[in-house]
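Reading through the structure tokens given below for one structure.
No experiment lies behind these values; they were computed from the predicted model shown.
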Amino acid sequence: MRRPLIAVLLSVLALGFVLTACGDDDPSADRPMESMADGGMDDEMMNDHDDHDESTPVADGARRIEVAATSFEFDPDEITVTAGEDVAIVLTSDDLLHDFTIDDVDVHVAADRGETAEGGLRVDEPGEYTYYCTIAGHREAGMEGTLVVEEP
Ligand SMILES: [Cu+2]
């Protein structure tokens, strides 16, 4: 029984040493980050990323609609729902960070590389809406689709 305990203690000590060693490197490692953050472009990207972490809440009993995001398209690129219906957009990304956003509708889901995320969606007004990916350049490259909201 003692040996494993000693091994664990030694591992913890070794880990602590490694962390301390890493800690010493931090000041130099931070400098490039800080200088990058000084550029307006990077500030914008970081704020962007914060926004992408928040998904709209999914209502109980929402119908799940799976959407695959790849560079640079959505599959499917047309989704039909009924006005007032609660749905969950289940977004999966294979390659890199993509999101699902509609202007004027409260829906947002973001999925990072290899991840699946869910976001609630409900539209009360029938009509056609365009969903797209807000990551810079993606919509322009073709990442958009049509949400058709039918009369109940
Ligand atoms: Cu995208």
Side-chain angles (χ1 to χ4, degrees), residues 11-12 14-16 18-152:
S11 303
V12 169
L15 185 64
V18 169
L19 288 175
T20 306
C22 286
D24 288 338
D25 287 340
D26 272 350
S28 54
D30 274 353
R31 228 164 273 145
M33 289 287 286
E34 277 167 14
S35 56
M36 275 177 68
D38 284 342
M41 180 74 180
D42 289 288
D43 268 356
E44 204 174 297
M45 284 173 72
M46 286 170 82
N47 289 337
D48 242 21
H49 195 269
D50 285 345
D51 291 340
H52 293 302
D53 288 339
E54 288 180 28
S55 295
T56 41
V58 176
D60 285 343
R63 176 163 66 98
R64 295 162 60 84
I65 298 174
E66 295 190 357
V67 179
T70 53
S71 300
F72 297 96
E73 60 181 11
F74 288 109
D75 181 20
D77 62 4
E78 185 175 310
I79 295 172
T80 303
V81 300
T82 304
E85 177 186 23
D86 281 309
V87 301
I89 299 298
V90 183
L91 186 72
T92 300
S93 172
D94 285 332
D95 46 16
L96 40 96
L97 178 66
H98 294 293
D99 65 33
F100 181 106
T101 301
I102 301 176
D103 287 339
D104 304 324
V105 172
D106 185 24
V107 59
H108 189 80
V109 202
D112 215 334
R113 176 199 189 111
E115 288 182 356
T116 298
E118 294 184 18
L121 164 66
R122 177 190 167 133
V123 185
D124 292 323
E125 197 66 33
E128 287 194 0
Y129 302 78
T130 298
Y131 54 88
Y132 64 96
C133 177
T134 65
I135 310 297
H138 290 202
R139 183 180 192 177
E140 291 74 9
M143 284 201 80
E144 59 177 26
T146 304
L147 175 75
V148 180
V149 181
E150 296 182 329
E151 304 263 358

Fill in the blank from the handout: Between Ala110 and Ala117 the two heavy atoms that sit nearest each other are O-CB, 3.2 Å
Handout entry: Glu85: side chain to side chain donor-acceptor pair (under 3.5 Å) partners, not counting sequence neighbours
Key = Arg63
Handout entry: Sequence neighbours excluded, every pair satisfying ring-ring contact (aromatic ring centres under 6.0 Å, His included) that has a member inside residues 111-131
Key = Phe74-Tyr131, Phe100-Tyr131
Practice task
Begin with the C-alpha distance, continue with both residues' side-chain angles, and end with the deciding distance and a verdict on side-chain contact (heavy atoms from CB on, under 4.5 Å) for Glu128 and Leu147.
Solution key: CA-CA 6 Å; Glu128 287 194 0; Leu147 175 75; over 6 Å; no
Fill in the blank from the handout: The residue among Asp103, Asp99, Thr101 that forms side chain to side chain donor-acceptor pair (under 3.5 Å) with Tyr132 is Asp103
Exercise for the section: Verify side-chain contact (heavy atoms from CB on, under 4.5 Å) between Arg139 and Cys133, making sure each step is shown before the conclusion. Expected result: CA-CA 6 Å; Arg139 183 180 192 177; Cys133 177; 5.7 Å; no
Exercise for the section: Kindly check if the number of other-residue, nucleotide or ligand heavy atoms within 6.0 Å of CD (Glu66) is above 12? Expected result: no
Practice task
Provide the closest heavy-atom pair for Thr70 versus His98 in the form atom of the first, atom of the second, distance.
Solution key: C-NE2, 3.6 Å
Fill in the blank from the handout: d(Ile79 CD1, Ile89 CD1) to nearest 0.5 Å is 4.5 Å
Problem - Residue pair Arg64, Glu118: steps toward the side-chain contact (heavy atoms from CB on, under 4.5 Å) verdict - result: CA-CA 9 Å; Arg64 295 162 60 84; Glu118 294 184 18; 2.5 Å; yes
Handout entry: Side-chain touch Val81/Val148, heavy atoms, less than 4.5 angstrom
Key = no
Practice task
Over all heavy atoms of both residues, which pair between Val58 and Gly119 is shortest? Give the atoms and the distance, please.
Solution key: CG2-C, 3.7 Å
Exercise for the section: Please report the closest heavy-atom contact between Thr56 and Gly120, naming both atoms and the distance. Expected result: OG1-O, 2.7 Å
Exercise for the section: For the pair Ile102 and Thr130, evaluate side-chain contact (heavy atoms from CB on, under 4.5 Å) and give the outcome as yes or no after the intermediate values. Expected result: CA-CA 6 Å; Ile102 301 176; Thr130 298; over 6 Å; no
Problem - Partners passing side chain to side chain donor-acceptor pair (under 3.5 Å) against Asp86 (at least two apart in sequence or in another chain) - result: none
Exercise for the section: Could you verify whether a donor N or O on one side chain and an acceptor N or O on the other, from Asp95 and Ser71, lie under 3.5 Å apart? Expected result: yes
Exercise for the section: Please say whether more than 12 non-hydrogen atoms of neighbouring residues, nucleotides or ligands are located less than 6.0 Å from CG in Asp124. Expected result: yes
Handout entry: Taking every non-hydrogen atom, the tightest pair across Glu151 and Thr82
Key = O-CG2, 4.1 Å
Problem - Donor-acceptor contact below 3.5 Å, side chain Ser93 vs main chain Gly114 - result: no
Fill in the blank from the handout: Interatomic distance, NE2@His108 vs CG@Leu91, rounded to 0.5 Å, equals 9.5 Å
